[in-house]
Amino acid sequence: MSAEAKKIMKKKKQQKWFILGSQIFLVIAFIGLWEVLSAKKIINPFIFSSPSRIWQTLSELALSGELWKHVWTTLYETLLAFGIGISLGLFIAILLYEIPVLAKIIDPFLTMLNSLPKVALGPIIIIWSGANIKSIIVMALLINLIVSILNIYNGFMGVDEIKIKLLKSFGAKRLQLLRYLILPESKRTIISSLKINISMTLIGVIMGEFLVSKQGIGYLIIYGTQVFNLTLVMSGIVVLIILSFIIYECITVLEKKLSKK
Amino acid sequence: MNNLLEIKHLSKNYVTAKEEIEAIHDITLAIRENEIVTLVGTSGCGKSSLLSILAGIDQLSTGTFLFQKENPVIGYMLQNDALFPWLTIFENAILGLKIQHKDTEENKNYVRHLLKTYHLEEFMDKYPSELSGGMKQRVALIRTLAIKPDILLLDEPFSALDYQSRLAVSEDVFKIIKREKIATIMVSHDIAEAISMSDRIVVLSKRPCTVKKIYEIHLSNASTPIENRKAKEFASLYDAIWRDLDYVS
């Protein structure tokens, strides 16, 4: 390797460490500043809480087992809604692709539903599905399903016309088109829709938990608000940040694995 | 020489919600065995539509086309190589066979033989992204040859390549077609390419396309496409076809 190349590589490595170091510094500085301002009562600790109080609350919740119950509930609801959303989204997208007239008929309805703020449907969902996990799943599905359908369907429609023509010239039937071309060519779109879907699902689940639940991180946050325990609210938010980060990273690993195949 | 394919009074109209567009008007043409016929015409005149109809992808409106053989196998090659990036070169080459449920060991061996003959053996397990444009085009042709076609339909097969690659690949493709002895209908908008590769050139009119003139190409010292460009009749043929195409009106 030339000296010049070594120099460039060293510079790039240094830059990578600088970025990581800056990110860690920002987090520590934020937490430190927050803690100091709260301890010195420059900001109202009752309203703004503090990292040490949040840590204490989280430790207590973890030790009592309460925290894991809430985390598990939210995780379970998220994974369930995610699984249903992505399977149903793929199925409906295939259906729309296979029946173009159907796609044309429901296109404006999908667009309308997509632009509708789904939280507005919350009260109706509670009445229809009851104040239970079903409502939470329905709320999450309302949010993730339309986006999944539109993403995957648009991926299907973007498949190279020349390749379709080629397979047709070999006498490919529609199912063969789907198997040999449409699905593999749309793999990237489907995988990227997993990422969008998981974020949307988490939003839907938390929204659902705000509305109906007796358990879950959304419930923890809304309960904290009701009893004006802002430390509990912020603890819930911290757990949510960590949970969504872990889920997102898992999807990224899955994406990398699927992309390699 | 026998006629492999006879097209009689073939017409094609496309109907949209607003209008009916006549793309092809009353084409009558016979294709003989082992010959390369090139259809030249202005952009959008309907020459690709004619190939789509012959390939069975599109329907004709009126007229007929009849192959000498019952249930002929048609090989269709399009504007770009259309190789599937997630499949290896070998998997790409046997794609047609797979779709037609003919991926027997014997046919796979034939594909291996083709890949070996056309210097792609060592790339069998590689992916298309690892090949040059010319090599990809050769794989695309082998994928078409794998199904043992009775006739080849080439729809501007070199148009996605740069000029140098076009010359090299057309040379390759020409040699392969002549070696495998397959009648070929090629669509091209490149007059020089058409003269250098064809036994006959069919000049099509502007839309709706009809047969305007047919040129029998008999070049002195006829050889490969690049050599054919040096023939003394080349320039005069080029001029005549250019005038027939009526680009400048």
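Every chain is numbered from 1 and lettered A, B, ... according to where its sequence line falls, protein lines coming before strand lines. Worth knowing before you read on, the calculation uses all heavy atoms, side chains too, and leaves out hydrogens, waters and symmetry mates.
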So with a 6.0 Å cut-off around [atom1] of [X], is the heavy-atom count from everything else above 12?
| X | atom1 | value |
| --- | --- | --- |
| B:Y14 | OH | yes |
| A:Q15 | CD | no |
| A:K195 | NZ | yes |
| A:Q14 | CD | yes |
| B:K178 | NZ | yes |
| A:L175 | CG | no |

Side-chain contact, heavy-atom cut-off 4.5 Å: [X] with [Y]?
| X | Y | answer |
| --- | --- | --- |
| B:N80 | A:D160 | yes |
| A:K168 | B:Y76 | no |
| A:L166 | B:R143 | yes |

Table please: side-chain donor-acceptor pairs of residues 87-112 of chain A below 3.5 Å, with sequence neighbours left out.
{"residue": "A:S87", "atom": "OG", "partner": "A:G83", "partner atom": "O", "Å": "2.5"}
{"residue": "A:E98", "atom": "OE1", "partner": "A:R174", "partner atom": "NE", "Å": "2.9"}
{"residue": "A:T111", "atom": "OG1", "partner": "A:D107", "partner atom": "O", "Å": "2.8"}

Contact origin within B:I74 toward chain A - heavy atom pairs under 4.5 Å: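 Contact with chain A: backbone only.
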
Contacts of type side-chain contact (heavy atoms from CB on, under 4.5 Å), residue A:S2, not counting sequence neighbours: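 Per chain and number, A:S2 pairs via side-chain contact (heavy atoms from CB on, under 4.5 Å) with A:E4, A:A5.
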
Close approach to chain A in residues 90-110 of chain B, criterion heavy atom under 4.5 Å: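 Within residues 90-110 of chain B, the residues under 4.5 Å from chain A are B:L95, B:G96, B:K98, B:I99, B:Q100, B:H101.
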
Contact listing (chain A partner; residues 146-157 of chain B; heavy atom under 4.5 Å):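 Expected list: B:I147, B:D155.
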
For B:Q79 against A:I162, the heavy-atom pair lying closest together: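 Result for this residue pair: OE1-CD1, 3.8 Å.
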
Considering all heavy atoms, the nearest B:W86-A:Y180 contact: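 The pair with the smallest heavy-atom distance is CZ2-O, 3.5 Å.
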
